[in-house]
Every structure is written in C-alpha cells, then in structure tokens.
Amino acid sequence: MDEDGHILPKDFPELRNDTFLRAARGEEVEHVPVWCMRQAGRYLPEFREFRAGKDFFETCRSPEDCCELTLQPLRRFGFDAAIIFSDILVVPQALGMDVQMVAGKGPTFPEPLKEPDDLQRLRSKVDVASELGYVFRAITLTRHKLEGKVPLIGFSGAPWTLMSYMIEGGGSTTHSKAKRWLYRHPEASHALLKRLTDVIVDYLLGQVKAGAQALQVFESHAGCLGPVEFKVFALPYLRDIARRVKDRLKESGLDNVPMIVFAKDGHYALEDLSQSHYEVVGLDWTIDPCVARQRTGGKVSLQGNMDPCALYATKECISEIVKTMVEAFGTRGYIANLGHGLYPDMDPESVGAFVEAVHTHSRRLLNHK
Ligand SMILES: Cc1c2[nH]c(c1CCC(=O)O)Cc1[nH]c(c(CCC(=O)O)c1C)Cc1[nH]c(c(CCC(=O)O)c1C)Cc1[nH]c(c(CCC(=O)O)c1C)C2
C-alpha cells in the first residue's frame, strides 16, 4: 500500500494461464485462447444489477467497481483473458472535455469541437498520472484480484476514433462533421491527432506500469475512412503509438507486452496494419480468415472474428460456425474473439457455448497434429 492506501503494482500473483500471451506472440498453445470484446456488459444480469442507478463515468472512476465488473464475466466463462472495465472516452475527458453517458443515447459531449479554434479549449499538457490515475489503480487492483487466473488487457481508443467522437459529440452514422475537418482543416486535424497520440502513449505506458499484460488499441471508426484517408490520418498515429510504447518500455527496463490493433471495418488496410509494430491484428467479421492470413503473410497473430449476431443462433449452430472459423484461422498465432462487442440482448449461455466451442474444436485440432 502507498500512503494514500492504494495497492501497489508489485508482487502480483503468478500467471497460471498464459495461453493468450503465447498466442499473441505466435508461440505454441494447447488450445486456442478466447475472450470477447465487451465481455463485461449489459448482457450479464449481474452487470445490470451492479451498475443500476450509478453514473457510468462515476463507475469508471472507482477502481473497486471497475475491478468487480472486470471479474464478473470470468466467474461465468472460461475466458483466457480479462479486459479492464473502462471506456475509450476517458481520454477526451483527460484533455478537458466534458463527456456524459446519456441513458438510451450513449456517450454525449455537451460541447464538441466545432472549429480549429476550439482546440485551444483542450489542456495543452496532460498529466496522465493525475487525470487517469484512477484507471491505473483499477488495473493494479484487478491484476491482484485476478490471482493469476488469466492476463489482464489494458486499452485505449485510437487517435482518429477519439477525434471523431470529440467533433461529432457522440455516436454518428456518417461521421461527416469529423470528416469535414480532415478535408477542410487537415493541419488542425493533424495537430489534434498528434496531441491525442502523445496522451495515448503516456496512458498505455502507465497501464503497463500499473500491471496491464497486453494492450489493445481500438480504431472503431476505421470503416468511415477510405484507404487514402486511413493512410494519412489513422495509420501513422497507430504506428507511432506502438513504436513509442515499445521504445519507452525498453527505456524503462520493462518487458515488452503484446499489442493488438483493432481497426473495425478497416480490411482495406490489413497489409499496412500487419506491418505497424503490433503483434496482433484484430479483425471484424467482414473478412474471410484465410484471406486475412494470406494478406498479413504470417507476420502477425490474428484475433477475431465471429459475427456477434451468430450468438443468436442455437448452440449447435454456434459450435459449427466456431469449428469452421478455427479451422480457417488455424491454431497457431490465433486468438478467438467476436468481430465486435457483445450486444445487451445476448444470452450469456450462448457466450458460454462460444467459449466452449473454441476450446473443444481447437484442442481436437491440436491433438490430431
Ligand atoms: C459496458 C460499456 C462500456 N462502455 C459503454 C458501455 C455500456 C453502457 C453501460 O453499461 O451503462 C458505453 C459506450 N461507450 C462507447 C459506446 C459506443 C457509442 C457509439 O459510438 O454509438 C457506448 C454505448 C464508446 C466506446 N467504448 C469503447 C469503444 C471501443 C470498442 C467498440 O468499438 O465498441 C467505443 C467505440 C471501449 C469499451 N467500452 C467499455 C469497455 C469495457 C471492457 C469490455 O470490453 O468488457 C471497452 C473496451 C465499457
């Protein structure tokens, strides 16, 4: 404990299941590891009960609450990794923007960025330890409470995805306000993306120092860009993040941690993503596993990519879909996941069937080698 009574990021329990980390590094495994994006979420009755009546970002600022919500899905399912409960929008908050979670509407910025002059409203220097220390404390606490069961993943939103929220002021189908900046104000766009990148690098590094054993960068809004815009406004920053995090870990004498890049609907950028210093490329369901393997040329591990809606199928059907998916990806350098997050109306039993099917089919394949 430190003088404020916070648990310290040291003497963590020994890791008992490193399957996820081995798969991320392309090493041999006994089964294909599996976890789900949004595995802590409203599809779980215990999640709904725990969150009832509490403000979303209040919950994010409570290390004890984040720890509990992170552990909930692991009590039910044999997931091979945990992901810290938080949200990508804590970074715009750290830059000084107000973000509220509005019931039925999702995250909302009462005063989004409208014109380049609005960049002056952002904090010029962000001290991540004071602005986002609550996430670091949640990670440290959770890493202890996991008791070495599975590794803990930290995460951040990617610069373009965060920029689009900061300009749109919330969810959007066209992202046209944010894309207007790219075409109309390219310099200001780069200035904003650069500032976000600097904060994200410090933030991810802080997460590893706090105990995160892997990192995922969510470029959830890659799909509204085309290949040209992606190359100019997203890819350079994604690359910069991975390179700088890895360099800084080395400088600090810390071990490298696997990094995952998930560019939703960014299949046009697969080749580039596989050469961006990330160990793992996450895939949504719009790409065929064999094509993804071919296009990434065995340079990286792959993660994904079952259509989350396949969880509406029967257990038998889920098992068949998983079998086909695991056979197509192969058992080496593969982390099973959905192609995006779980939805609130999904049946926890189907999630259990998904996890079981990944373990069963991959064990069978590995035993027959
Ligand atoms: C469970 C949850 C979260 N955020 C939100 C919810 C639902 C609200 C609630 O429970 O009250 C609101 C919440 N937060 C966000 C949204 C999307 C809004 C929109 O764009 O329409 C919502 C409903 C923004 C957000 N937030 C996140 C992303 C990237 C992943 C993705 O592409 O879905 C994005 C885009 C990341 C995120 N968000 C969350 C996690 C937790 C860890 C886990 O996966 O179990 C993670 C990794 C947690």
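In listed order, ligands and their atoms are each counted from 1.
The shell of residues lying under 4.0 angstrom from ligand 1, judged by heavy atoms, includes Ile84. Heavy atoms of Ser172 come nearer than 4.0 angstrom to ligand 1 in no pair at all. Within the 4.0 Å heavy-atom shell around ligand 1 one does not find Gly341. Within the structure, ligand 1 lacks Lys264 among the residues with a heavy atom less than 4.0 angstrom away.
Looking only at heavy atoms of the protein, atom 9 (C) of ligand 1 is closest to Arg51 NH2, 3.5 Å. Taking atom 30 (C) of ligand 1 as the reference point, the nearest protein heavy-atom neighbour is Phe218 CD2, 3.4 Å.
Among Trp160, Tyr237, Tyr268, the one residue that satisfies the ring pair (Phe, Tyr, Trp, His ring centres under 6.0 Å) test with Phe230 is Tyr268.
If you number the atoms of ligand 1 from 1 as listed, the ones under 4.0 Å from a heavy atom of Gly171 come out as 19 (C), 20 (O), 21 (O). Taking a cut-off of under 4.0 Å to the non-hydrogen atoms of Ser220, the atoms of ligand 1 that pass are 29 (C), 30 (C), 31 (C), 32 (O), 35 (C). Close approach of ligand 1 to Met101 (heavy-atom distance below 4.0 Å) involves ligand atoms 12 (C), 13 (C). Using a 4.0 Å cut-off to heavy atoms of Phe47, the atoms of ligand 1 that qualify are 1 (C), 10 (O). The distance from ligand 1 to the heavy atoms of Pro107 drops below 4.0 Å at these ligand atoms: 15 (C), 16 (C), 18 (C), 22 (C).
If you check each of Phe57, Phe56, Phe262, Tyr43 against atom 8 (C) of ligand 1, the one with the closest non-hydrogen atom is Phe56. Considering only non-hydrogen atoms, atom 40 (C) of ligand 1 lies nearest to Ser86 out of Ala40, Ser86, Ser164.
Using a 4.0 Å cut-off between a side-chain N of Lys or Arg and a carboxylate O of Asp or Glu, Arg184 and Glu115 do not qualify as a salt bridge.
Across all their heavy atoms, Ser276 and Ala242 have their closest contact at O-CB, 3.6 Å. When all heavy atoms are compared, the tightest approach of Ile88 to Pro92 is O-CD, 3.7 Å.
Between Asp87 and ligand 1, at least one pair of N/O atoms sits closer than 3.5 Å. Polar contact with ligand 1: absent for Phe155 (N/O pair, distance under 3.5 Å).
In the hydrophobic cluster analysis, where Ile, Leu, Val, Met, Phe, Trp and Tyr join through side-chain heavy atoms closer than 4.5 angstrom, Val326 is grouped together with Ile321.
Annotation: side chain of Leu15 is not in contact with side chain of Phe20 (no heavy-atom distance under 4.5 Å).
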